[in-house]
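These values consider heavy atoms only, across backbone and side chains, with no hydrogens, waters or symmetry-generated copies. On a predicted model such as this, the values are computed, not experimentally measured, just so you know. Protein chains get the first letters and strands the later ones, always in sequence-line order, with residue 1 at the start of each.
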Number of protein chains: 2
Amino acid sequence: MGKASNTGVRPTIRMVAELAGVSTATVSYVLSGRRGDAGPGVSDPTAEKVKAVAERLGYRPNQAARAIRTGRTNTVILSLTMLSDPWSLSVIEAVQKAAAPLGITPMILGDADWVKVLGTHSADAVFVDAVRPGQRDALRKLAEHGTTLVVFDEGLEPEGFDVIRSIAGPGCRMAVQHLLHGHRRIACLTPATAGGASGGTRYRAYSEALMEAGIPENEDYVGLFDGTSAGAYAATTRLLSLPDRPTAIYATTDFAAVAAINAAQRIGLAAGVDVDIIGVGNTVEGERMSPSLSTVGPVDFFGKLARLLLQRATSPTTPDAKSEPAVLDFPWHLFVRESAPHRSSATRLY
Amino acid sequence: MGKASNTGVRPTIRMVAELAGVSTATVSYVLSGRRGDAGPGVSDPTAEKVKAVAERLGYRPNQAARAIRTGRTNTVILSLTMLSDPWSLSVIEAVQKAAAPLGITPMILGDADWVKVLGTHSADAVFVDAVRPGQRDALRKLAEHGTTLVVFDEGLEPEGFDVIRSIAGPGCRMAVQHLLHGHRRIACLTPATAGGASGGTRYRAYSEALMEAGIPENEDYVGLFDGTSAGAYAATTRLLSLPDRPTAIYATTDFAAVAAINAAQRIGLAAGVDVDIIGVGNTVEGERMSPSLSTVGPVDFFGKLARLLLQRATSPTTPDAKSEPAVLDFPWHLFVRESAPHRSSATRLY
DNA sequence: CTGTTAGCGCGTTCAC
DNA sequence: GTGAACGCGCTAACAG
């Protein structure tokens, strides 16, 4: 049966070489498709024979052995703390798309304990999405010892690694201020876990913006939910059933805003007409839905992140000319779409 | 500054050996804590000195080099197609918990294209959560050439790899039949993408069970939603607002059932009293909520999966005595909890 | 009992 | 197109 030679052992380059009647060097050149400097240097018939044997044996170069020699693993590691968060999925998607054409495989580390793992395992570049205070030292040390790092953290200085920042505060203020152009009764939809009424940058932007506008706080207008989409839906239903119902909702995440639009629709209130709804984060779902979601957020965040990471992964690990570790600071924009259009004195809802 | 010697290069075992004034063998023995056979053959002072130098240099053994020698990567790969699915998160969580004490790192592969990746990258064991028909050959070849595989797939025979099965059909029937003991007006809550009214094992169980019970199909009772939690919430609200509203809901996933309970509660219908709700999957969330969710599903699925995977990862890669590749077939159970209690002729809702 | 020597196992790559 | 050194950590066999 056309099938042959499988001892259950992984074939090595030497087995291929022997069966093809050539040297290991030749096999290596044929399969990796490169030759020191000069032209092809390997004849077509030989190349064909080698390829055939390799295929028959099911030979695959051993990445570990290759890494030891070249110092490159063709791998990037993504350390993601909240794998269930759509944010993480967007990171993964963007990096995968950018990595595929380069032959680089993204490996995801779901554990928050990247310190231990990165101590032993290495990759061409590593993205870390959260750094606890106690981990800052470890981070610096890793960078010192040759690990290429890209870190997402507000308020961390680059010390041998890149820092990506995305300051939410001002952007969130823009969102609330946008609503203030046409509304006075503005509710806030925010997960109870994220600090809610107490802390949380995104909530604080709401309460501060209202205060500045001279609007008194109204506890009824703070819709806390459990972090799930269904919870946001239910909380919105409650808000819009209030006797003096809000005419606008500021949701601290896009996915909550999406649920809010659905909930409003269900009650018979059209988003962008009867009630304005704005989100935070500028995720793709909001752009695609109907009515499209007004939101604030960085522009092309994930794409830029992925490009930086892969640029770092592919550029030779020059500890010397390290193309200066940089801070990538993302400016936030306001995206005025259908769910919360521009309002003026003529169209305001109060 | 206590700090020293960081050329930005990763320190090797030889650097440590030189600075500590010992041989690389000694360093290796000290840091790996093992010695051929006899007791600890390294004196305390030497060990201390080596450890000190290693620490100062930030030395970490190079996993690639270690792997090439030992054949073990201390890594398992989880190839997960639907990373956003709670099911995947449960797999990750269970494997992480089981792997940590063994010093094994789970690496997640978010891409569906495990064939290409596994061709080059290797791990002590690999879990694959979905096999497309065209990938079956590749699977067999990988197993032949020494990759330790655990595959989740209904209807695939083990050929050098383990197969985990979890036949949903009969279990789902049990769920619907449980409802049939006390109900006639039974709705089905199912994502439109999963085949909905057309295909889908879980939906088919519903329509077949009803047919057998002599209950005519009622299109109004099929609550299709978009796959999101908010969508399930909205669909439930619609179902329970029907003039002849259903007294029971069969949800094809636990998370949809959870959303349904919340939606019912919101309308003033108590789950398990006014309306019975049952899910599918036996996820942990359902067990913890109040009222607790009745459901069907395998018992300790993720725990058993994790244990099998790690057992395969740690047991020496003996292609010969491969402890027979097995089929792990998960029997489904009915978990009668509060949201859909036992009903008899005395307590039935019709 | 303590520590060293030397060679292994990979794929890569320079010099011939 | 080949030979052989190389980079890494591990470990059997040996020397003091």
Next on the checklist: On DNA chain C, compare the nucleotides closest to A:R60 and B:V22; which residue's is nearer the 5' end?
Outcome noted: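 On the 5' side of the pair lies B:V22.
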Does a nitrogen or oxygen in the side chain of [X] sit under 4.0 Å from OP1 or OP2 of [N]?
X	N	result
A:T24	D:dG3	no
B:Y59	D:dG9	yes
B:T26	C:dT4	yes
A:S28	C:dT12	yes

d([atom1], [X]; [atom2], [N]) in whole Å:
X	N	atom1	atom2	result
A:R66	C:dT12	CZ	P	4 Å
A:L31	C:dC10	CG	P	16 Å
B:I68	C:dG9	CD1	C1'	6 Å
B:E48	C:dT2	CD	C1'	16 Å
B:R69	C:dA6	CZ	C1'	11 Å
A:I13	D:dC6	CD1	P	19 Å
A:R72	C:dT12	CZ	P	13 Å
A:R14	D:dA4	CZ	P	13 Å

Next on the checklist: Classify A:S32 by what it touches in the nucleic acid, base, sugar-phosphate, or nothing, heavy-atom distance under 4.0 Å.
Outcome noted: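 If one applies the 4.0 Å heavy-atom cut-off, A:S32 turns out to touch nothing in the nucleic acid.
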Next on the checklist: Using a 4.0 Å heavy-atom cut-off, does A:V27 contact any base of the nucleic acid, only the sugar-phosphate backbone, or nothing at all?
Outcome noted: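 Contact class for A:V27: none.
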Flag side-chain contact, heavy atom, 4.5 Å: [X] against [Y]:
X	Y	result
A:F127	A:P106	no
B:W87	B:D129	yes
B:V30	B:T46	no

Next on the checklist: Please check if the number of heavy atoms outside B:E18 that lie under 6.0 Å from its CD is greater than 12.
Outcome noted: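 No - once you tally the heavy atoms of other residues, nucleotides and ligands closer than 6.0 Å, there are 12 at most.
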Item to check | Full working for side chain to side chain contact (heavy atoms under 4.5 Å, CB included) between B:E159 and B:E144 | outcome: CA-CA 9 Å; B:E159 303 183 77; B:E144 268 173 17; over 6 Å; no
Checklist entry - With a 4.0 Å cut-off, would you call A:D300 and A:R307 a salt bridge? => result yes
Next on the checklist: Let me test you: for the helix from C:dC1-D:dG16 to C:dC16-D:dG1, what is the angle between the axes at its two ends (five pairs each), rounded to 10 degrees?
Outcome noted: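 The end axes of the helix from C:dC1-D:dG16 to C:dC16-D:dG1 are about 50° apart, to the nearest 10°.
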Next on the checklist: Counting only side-chain heavy atoms from C-beta out, which of D:dC10, C:dC14, C:dG11 sits nearest to B:T70?
Outcome noted: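 Nucleotide nearest to B:T70's side chain: D:dC10.
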Checklist entry - Does any N or O in the side chain of A:S28 come within less than 3.5 Å of the main-chain N or O of A:T24, such that one atom is a donor and the other an acceptor? => result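 No: the side chain of A:S28 does not pair with the backbone of A:T24.
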